[in-house]
Amino acid sequence: MEANLVVPYQSFSTVSMRNRKINTYYKYKKISYLPSWSICCVLAKPPASNQSHSNYNVYKDNWFDHLAINHLSQSIQATTGLRNNKSGYEGFVEAARLVYMNFNSTHQVNLVAEALQRAFPKPILSLLKMLLPQSKWAREYCAAFTTVFFAWLVGPCEVKESEFNGRMENNVVHIKKCRFLEETNCVGMCTNLCKMPSQLFIKDTLGMPVNMVPSKLNNKHQTDCNSQMKKKDVEIS
């Protein structure tokens, strides 16, 4: 699976959220057109609907994985005010599912982006942004860093090569089978709770343009999730 083009995206503006109290708003500015790109994540599709659950990957999370999973799960729950009593990756997915069920698509993106802001200390993000200006080394470092420290979130991944400004760089992260997509089995959750807020968060905090490109998904998943989301957007807007 190759990714030859990464298209710059437009970030969402923070909007007022009804029926919940918010102490802090993160306003994301519209990103102007970028003539080039940096890191691309390619997500593999989940198993076909006729495959048994036994074919899913079995993950053996270590102490760091459990710490990271629970920290992000608690950050999402604290941001939304929607709590669950599950733990581990199951609790994280449940926290994401509650966001998907209770808010429209625009709110979902902004809420998860805000949760990511909560999860990472601002001084560390500011330091990383200062130490990693746009460069070949920074792009390749970030790609390699993702494969080592974020496999707990997206599953096994590897760095691949792509062309950048006429030369080849190891700046593509290829996710063989996305853990989050596999667990949720929903393209709507993949897009609104992972792809868009992650792109927004990384660009605004680290200044590193990233485009996550899910591979073609099963039509059943597209129809079910998108139909549900369109209905929710009408009801909640």
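These numbers were taken from a predicted model, which means no experiment stands behind them.
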| Distance-minimising heavy-atom pair for N171 and R139 | CB-CB, 4.2 Å
| Would a hydrophobic clustering, with Ile, Leu, Val, Met, Phe, Trp and Tyr connected at side-chain separations under 4.5 Å, put V159 with W152? | no
| request: Please collect all salt bridge (Lys or Arg N to Asp or Glu O under 4.0 Å) contacts where either partner lies in residues 73-84, sequence neighbours excluded, each pair once. | output: none
| remark: Output for pair (N104 CG, N192 CG), nearest 0.5 Å, gives 9.0 Å
| said: I'd like to check L193 versus V99 (side-chain heavy atoms, cut-off strictly below 4.5 Å). Are they in contact? | reply: yes
Determine all donor-acceptor pairs shorter than 3.5 Å in which one atom belongs to a side chain in residues 64-72; sequence neighbours excluded.
residue	atom	partner	partner atom	Å
D65	OD2	N62	N	3.0
H66	NE2	D61	O	3.3
N70	OD1	G88	N	3.2
N70	ND2	H66	O	3.1
H71	NE2	A119	O	2.8

| task | Before giving the answer on side chain to side chain contact (heavy atoms under 4.5 Å, CB included), spell out for K129 and T205 the whole-Å C-alpha distance, their side-chain angles and the decisive distance to 0.1 Å. | result | CA-CA 7 Å; K129 187 174 184 179; T205 58; over 6 Å; no
| task | Tell me, please, which residues at least two apart from E90 pass salt bridge (Lys or Arg N to Asp or Glu O under 4.0 Å). | result | K86
| field | ring pair (Phe, Tyr, Trp, His ring centres under 6.0 Å) against W137, all qualifying residues, sequence neighbours excluded | value | Y141
| request: For the pair N185 (side chain) and L181 (backbone), establish whether a donor and an acceptor sit closer than 3.5 Å, ignoring hydrogens and angles. | output: no
| Ring centres of F92 and F180 under 6.0 Å apart? | yes
| request: Please step through side chain to side chain contact (heavy atoms under 4.5 Å, CB included) for the pair F201 and L125, ending with a clear verdict. | output: CA-CA 11 Å; F201 171 74; L125 293 174; 4.0 Å; yes
| field | pair E169-S162: side-chain heavy atoms closer than 4.5 Å | value | no
| message | Tell me whether Q108 contacts the main-chain N or O of Y100 through its side chain, where contact means a donor paired with an acceptor under 3.5 Å. | response | yes
| request: Applying side chain to side chain contact (heavy atoms under 4.5 Å, CB included), name anything that partners A115, two or more places apart in sequence or on another chain. | output: S75, I76, T79
| query | Hey, does F103 have a side-chain heavy atom less than 4.5 Å from the side chain of L111? | reply | yes
| said: Taking M212's backbone N and O only, do any of them form a donor-acceptor pair with Q199's side chain (distance below 3.5 Å, no angle check)? | reply: yes
| query | Could you go step by step and tell me if K177 and R179 meet the side chain to side chain contact (heavy atoms under 4.5 Å, CB included) rule? | reply | CA-CA 6 Å; K177 184 185 289 186; R179 183 180 187 179; over 6 Å; no
| task | Enter the distance from S87:OG to Q74:CD here, rounded to the nearest 0.5 Å. | result | 10.0 Å
| said: With a 4.0 Å cut-off on N to O distance, would you call E94 and R97 a salt bridge? | reply: yes
| task | Compare every heavy atom of A113 with every heavy atom of P197, then report the nearest pair and how far apart it is. | result | CB-N, 3.8 Å
| field | Electrostatic pair E140:K136 at N-O distance under 4.0 angstrom | value | yes
| request: Only counting residues at least two apart or in another chain, list the ones meeting side chain to side chain contact (heavy atoms under 4.5 Å, CB included) with P121. | output: P123, I124
| field | Listed partners of Y59 passing ring pair (Phe, Tyr, Trp, His ring centres under 6.0 Å), at least two apart | value | none
| task | Scan side-chain atoms only and decide if K195 and N211 contain a donor-acceptor pair under the 3.5 Å cut-off. | result | yes
| Are any non-hydrogen side-chain atoms of F164 and N170 less than 4.5 angstrom apart? | no
| request: Could you pull out all residues at least two apart from M168 that satisfy side chain to side chain contact (heavy atoms under 4.5 Å, CB included)? | output: E161, E163
| said: Can you list everything that forms a side chain to side chain contact (heavy atoms under 4.5 Å, CB included) with S126? Sequence neighbours excluded, please. | reply: none
| Do the non-hydrogen side-chain atoms of Q77 and N84 ever get within less than 4.5 Å of each other? | yes
